Visitor: 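Next up is a structure, given as structure tokens.
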Amino acid sequence: MAENFFECVYAVVRRIPPGKVATYKLIADILDTRDARRVGHALHANPDGSRTPCHRVVFSDGRLAPGYAFGGPNGQRRKLELEGVTFIDGNVDLSTHLWQPT
DNA sequence: CAAGTGACAATAA
DNA sequence: TTTATTGCCACTT
């Protein structure tokens, strides 16, 4: 385990393959915690997206972050679509693209 | 040190 | 089904 919780979050997020998405709750569960908020804070504290694809992390409902994330509410959706993720009514199709820890 | 805030989630109304 | 409230835990002021 990483010394910092944030590092651990980044590591998990980087583990998500293209075309897949993870939820804050899922990552929290992997890190043996129940606080999804911590995960969210970690991604927000993330230095830059080049290192950690935060755009692959969504709400448990398949909803994206409040909007001001990633330089545009549409930005994330476009990125995910480019990776092969499908959207339903503006939400990520978790039933199809939810990443499962191996 | 205490209170407030927040890229969340679950439950109640 | 949507909206409101509560809980969890860390970070900031």
Side-chain angles (χ1 to χ4, degrees):
Chain A
M1 288 304 265
E3 301 133 354
N4 298 346
F5 199 86
F6 288 33
E7 290 288 318
C8 214
V9 174
Y10 302 147
V12 174
V13 174
R14 277 176 48 173
R15 240 157 108 189
I16 305 171
K20 292 281 180 185
V21 291
T23 67
Y24 292 102
K25 187 66 189 337
L26 179 59
I27 295 172
D29 185 57
I30 292 168
L31 300 181
D32 194 58
T33 181
R34 293 41 143 172
D35 191 21
R37 258 170 155 153
R38 240 170 101 191
V39 179
H41 271 213
L43 294 180
H44 196 190
N46 179 11
D48 193 64
S50 306
R51 184 163 120 135
T52 308
C54 341
H55 60 269
R56 287 184 193 152
V57 186
V58 297
F59 274 47
S60 62
D61 295 332
R63 244 327 174 228
L64 306 183
Y68 35 80
F70 314 117
N74 284 356
Q76 183 185 34
R77 177 173 154 173
R78 184 168 60 211
K79 267 177 179 262
L80 291 173
E81 269 189 327
L82 228 76
E83 298 197 333
V85 177
T86 55
F87 279 73
I88 297 176
D89 191 45
N91 314 346
V92 178
D93 185 0
L94 290 179
S95 303
T96 304
H97 297 291
L98 179 58
W99 174 61
Q100 296 173 73
T102 51

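Lettering of chains follows the sequences in order, A, B, ..., and the numbering in each one begins at 1. Given the structure is predicted, the values throughout are model-derived calculations rather than measurements.
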Visitor: Mind checking what makes side-chain hydrogen bond (donor to acceptor under 3.5 Å, both in side chains) contact with A:Asp61, not counting sequence neighbours?
Guide: none
Visitor: Between C:dC11 atom P and A:Leu43 atom CG, what is the distance in whole Å?
Guide: 14 Å
Visitor: Measuring from atom CD of A:Gln76 to atom CG of A:Leu64, what distance do you get when rounded to the nearest 0.5 angstrom?
Guide: 4.0 Å
Visitor: What distance separates A:Leu94 CG from A:Lys20 NZ, expressed to the nearest 0.5 Å?
Guide: 10.5 Å
Visitor: Working to the nearest 0.5 angstrom, can you tell me the gap between A:Leu26 CG and A:Leu31 CG?
Guide: 9.5 Å
Visitor: Are any of A:Arg34's side-chain N or O atoms less than 4.0 Å away from OP1 or OP2 of C:dC8?
Guide: no
Visitor: Within the structure shown, what part of the strands sits under 4.0 Å from A:Arg37 by heavy-atom distance: base, sugar-phosphate, or nothing?
Guide: base
Visitor: Distance check, rounded to the nearest 0.5 Å: A:Asp35 atom CG versus A:His41 atom NE2?
Guide: 8.5 Å
Visitor: Looking only at the side chain of A:Arg38 (C-beta and beyond, no hydrogens), which of the listed nucleotides C:dC11, C:dC9, B:dA7 gets closest?
Guide: C:dC9
Visitor: Both distances under 3.5 Å, Watson-Crick or G-U wobble: on that basis, could you give the dot-bracket string for DNA chain C, with [ ] for crossing pairs and | for other-strand partners?
Guide: .||||||.|||||
Visitor: In whole Å, what is the span from the CZ atom of A:Phe5 to the C1' atom of C:dC8?
Guide: 12 Å
Visitor: Of A:His41 and A:Val58, whose closest DNA chain B nucleotide lies nearer the 5' terminus?
Guide: A:His41
Visitor: To the nearest Å, how far apart are A:Leu26 CG and B:dA9 C1'?
Guide: 13 Å
Visitor: Sub-3.5 Å donor-acceptor pair from the side chain of A:His55 to the main-chain atoms of A:Leu80, do we have one?
Guide: no
Visitor: Rounded to the nearest Å, what distance is computed from the CZ atom of residue A:Phe59 to the C1' atom of nucleotide C:dT3?
Guide: 15 Å
Visitor: Using the side-chain contact (heavy atoms from CB on, under 4.5 Å) rule, take A:Asn4 and A:Tyr10 through it: C-alpha gap first, then chi angles, then the decisive distance, then the call.
Guide: CA-CA 10 Å; A:Asn4 298 346; A:Tyr10 302 147; over 6 Å; no
Visitor: Hey, what do you get for CZ (A:Arg77) to CG (A:Leu82), rounding to the nearest 0.5 Å?
Guide: 12.5 Å
Visitor: Using whole Å, what does the distance between atom C1' of nucleotide C:dC8 and atom CG of A:Asp35 come to?
Guide: 5 Å
Visitor: Check the interface with nucleotides 10-13 of chain B: list each N/O to N/O pair with the protein under 3.5 Å, or write none.
Guide:
none

Visitor: Can you tell me how far C1' of C:dA10 sits from CD of A:Glu7, to the nearest Å?
Guide: 16 Å
Visitor: Which distance, rounded to the nearest 0.5 Å, do you find between the CZ of A:Phe6 and the CZ of A:Arg38?
Guide: 8.0 Å
